[in-house]
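Note that the structure is a prediction, hence the values are computed from the model and not measured.
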Amino acid sequence: MRNLMTLYRYEFRKILNRKLQWITLAVILAVSLLTVISPLFGQSYVDGTVLESHYEAMRKDSAYARALNGRPINQTLLSEMQDAYRKIPLNRDRYSMTKEYQTWARPYSAVFQFADSILGFSDLSEMQEWEADEDALYAARLENVKNSLRHLSEKEQSYWLEQDARLPKPFVFRYAEGYWSLGSCFYTLGLEIFLLIAICLSGIFSDEHTRRTDQLLLSSSLGKKELYRAKLLAGISYALLCAALLDLLMILTGLSIYGFDGFSAPIQFASWRSSMSLSAGQLLLILSALLLAASAVTAAFVMLLSAALNSSIGALSVNAGLILMTMFLNIPEEYRLACQLFDLLPSNMVSVWGVLSTYLTPFFGSYLTLWQLALPVYAVFAVLFSLAGRRAWSRYQVSGR
Amino acid sequence: MELVIDRISKQYQNKIAVDRTSLTLHQGVCGLLGANGAGKTTLMRMLCGILKPTGGSVTLDGMDVSSEQYREKLGYLPQDFGYYPEFTGRDFLLYLAALKGLPKAAARRKAEKLLALVSLEHDADKKIKTYSGGMKQRLGIAQALLNDPELLVLDEPTAGLDPKERVRFRNLIAELGKRSIVLLSTHIVSDIVHIADTVLIMKEGQICFSGKWEKGEEELEAFYLELFGEETEHA
């Protein structure tokens, strides 16, 4: 591996020398921070008058939710919540405007939202008529969980129901708004980073041909193998660095606003149908790991296209096309394999629904969930793309011109 | 030191660019003449391992053209080469030195020496995008010499240089020919006459003259025109 690190530094510099890279990075940085912050902009209006700013609402609801920290969602808490909500007069258009809601019910809004998401109250009166019942709530949840697993095989259904049975119930409430808000931003962040990688790395090999430097590179002793390794390393480390930087900035911004507390909150407070035993913090760590792995494999794929197509526009178009396709295409669940493969695509996988996917893959008598499968699959594909890219680069023929 | 070119050919879909050419070259300057499209650049690219021949083989002291060892002995100045506009002249040389496998300290020493040789020592820290055509060409010559090549392939090396520089580089090439095999392609007949130990003339992908040129510049020019007369008249 002669001069690998020296060549790596030059290749990394070539990537950073591109003005477009800086512009794209700046735009994506601004957009990802705005995605986290923007829900706090603006105000809530009722009948033309300002009720409160979104920021004030967040502060107020966070304080109420924090007051419920550590309390199990059991009969006692459900009854307290219902008593509070029963104080709201029914003859109002918007009950959130009432003094009773603001004084008594709002402190329990986090519990109400959990119950409402499972039972689906059509309106406040239905909720008030409901008799708070812990067993009924968890039974309704389990029924919904079973319904959501119907597209899976019997063995997979049994696996998930077994997992669900192991979840400690009643669920213990933890305030984790920062984690839930960030989780929902990951899908957008992933798309932005994959686009950045496509823009900045699509010319890593093809630009050497258009710039006509390929003759000097390919005729030098290390120009075929070592240079390829250096370029690959530079491209992948650039992708990882950008992903880590944007990920870290987004997480720090989000948690600074909403609070760092809630790492151990059960995932069921964000996705009550899930039977996974995951905490909010674990979800964020898995999403971050997936983002890094997906960025590396995307970088390897972009560089393969750059070497094989000899055109940065071609490499960029294919990648942008794939990203757009994942946004608009929807594969019906009955096409199980296609559906599972489609969900494994980086732009689908780096999302809360990607991590919480119920698709399973048998693995030595047990099962791998989709996100557990994604990490080794991305590693294998990154290697395959890299090998194919090396073949394309080292076999390039300088002709014509 | 022996470069053996054995029945090398390059055929594109409906055109034979180089047609079963065989040559054996030893230390010294070998001047390659030929009209545009005669196959000079194709031949040189095949000798540099960046274009795969359709048939035949190229070896340098038994090492195949596709091997890393062959490329370690090679210095190449393409006719129309690219550069990195944001790199300085010094960076460019250090980068290519790393690509040629030179250790860092040796690369630095060699780069300084070559920058002085091509009179770019005062502009070494300027970005290449600010260089004139002649300066870029001098930088190209310098990069070709970074690894003290045993086989030096120069495609129009003096293009873009002013007359004074051209003579200086002609003498430098003659000096290099004393210890390396230098294959020099040019349209400038006087350069060939002054420094080439062997003259090769290519026409339609084949070597139509190979040997030592004992006569003067005017005679070579006349001979050259006579060979390509047909095309010249048509033109």
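B:Asp91 touches chain A through backbone and side chain together, each having a heavy atom under 4.5 Å away. Residue A:Arg395: no heavy atom, backbone or side chain, is found under 4.5 Å from chain B. Contacts between B:Gln79 and chain A at a heavy-atom distance below 4.5 Å are absent for every atom of the residue.
By the neighbour-count criterion of 12 heavy atoms within 6.0 Å, atom CZ of A:Arg18 is densely surrounded, having more than that number from other residues, nucleotides or ligands. Atom CZ of B:Arg90 has more than 12 heavy atoms from other residues, nucleotides or ligands within 6.0 Å. Around the CG atom of A:Leu285, the shell of radius 6.0 Å holds more than 12 heavy atoms that belong to other residues, nucleotides or ligands. In the displayed structure, B:Arg108 atom CZ is contacted under 6.0 Å by at most 12 heavy atoms of other residues, nucleotides or ligands. More than 12 non-hydrogen atoms from other residues, nucleotides or ligands lie less than 6.0 angstrom from CZ of A:Phe342. Within 6.0 Å of NZ on B:Lys129 lie more than 12 heavy atoms contributed by other residues, nucleotides or ligands.
Judged purely by distance below 3.5 Å, without hydrogens or angles, the side chains of A:Tyr396 and B:Lys52 never pair a donor atom with an acceptor atom.
How far CG of B:Leu94 is from OG1 of A:Thr6: 9.5 Å, rounded to the nearest 0.5 Å. The line from CD of B:Glu72 to OG of A:Ser221 is 5.0 Å long, rounded to the nearest 0.5 Å. The CE atom of B:Met46 lies 10.5 Å from the CD atom of A:Gln397; values are rounded to the nearest 0.5 Å. Interatomic distance, CZ of B:Phe92 versus CG of A:Leu216, reported as 5.5 Å (0.5 Å rounding). Taking CG of A:Leu16 as the start and CD of B:Glu86 as the end, the distance is 11.5 Å to the nearest 0.5 Å. Atom OH of B:Tyr95 and atom NZ of A:Lys14 lie 2.5 Å apart (nearest 0.5 Å).
Comparing A:Leu222, A:Asn17, A:Leu4 by how many heavy-atom pairs each has under 4.5 Å with chain B, the most go to A:Leu222. Among B:Ser66, B:Pro85, B:Pro78, the residue with the largest count of heavy-atom pairs under 4.5 Å with chain A is B:Pro78. Highest contact tally toward chain B, considering only A:Glu226, A:Lys224, A:Lys225, is held by A:Lys224 [criterion: heavy-atom pairs under 4.5 Å].
Among B:Val153, B:Leu99, B:Ile50, the single residue meeting the side-chain contact (heavy atoms from CB on, under 4.5 Å) criterion with A:Ser219 is B:Ile50.
Ring to ring, B:Phe87 and A:Tyr10 are close: their centroids are under 6.0 angstrom apart.
Across every non-hydrogen atom of A:Arg211 and B:Tyr83, the tightest pair is CD-O, 3.0 Å. Of all heavy-atom pairs between A:Gln215 and B:Tyr76, the closest is OE1-OH, 3.7 Å.
In summary, B:Glu68 and A:Arg2 engage in a salt bridge, as defined by a charged side-chain N under 4.0 Å from a carboxylate O.
In this structure the side chain of A:Thr213 reaches within 4.5 angstrom of the side chain of B:Tyr84, judged on heavy atoms.
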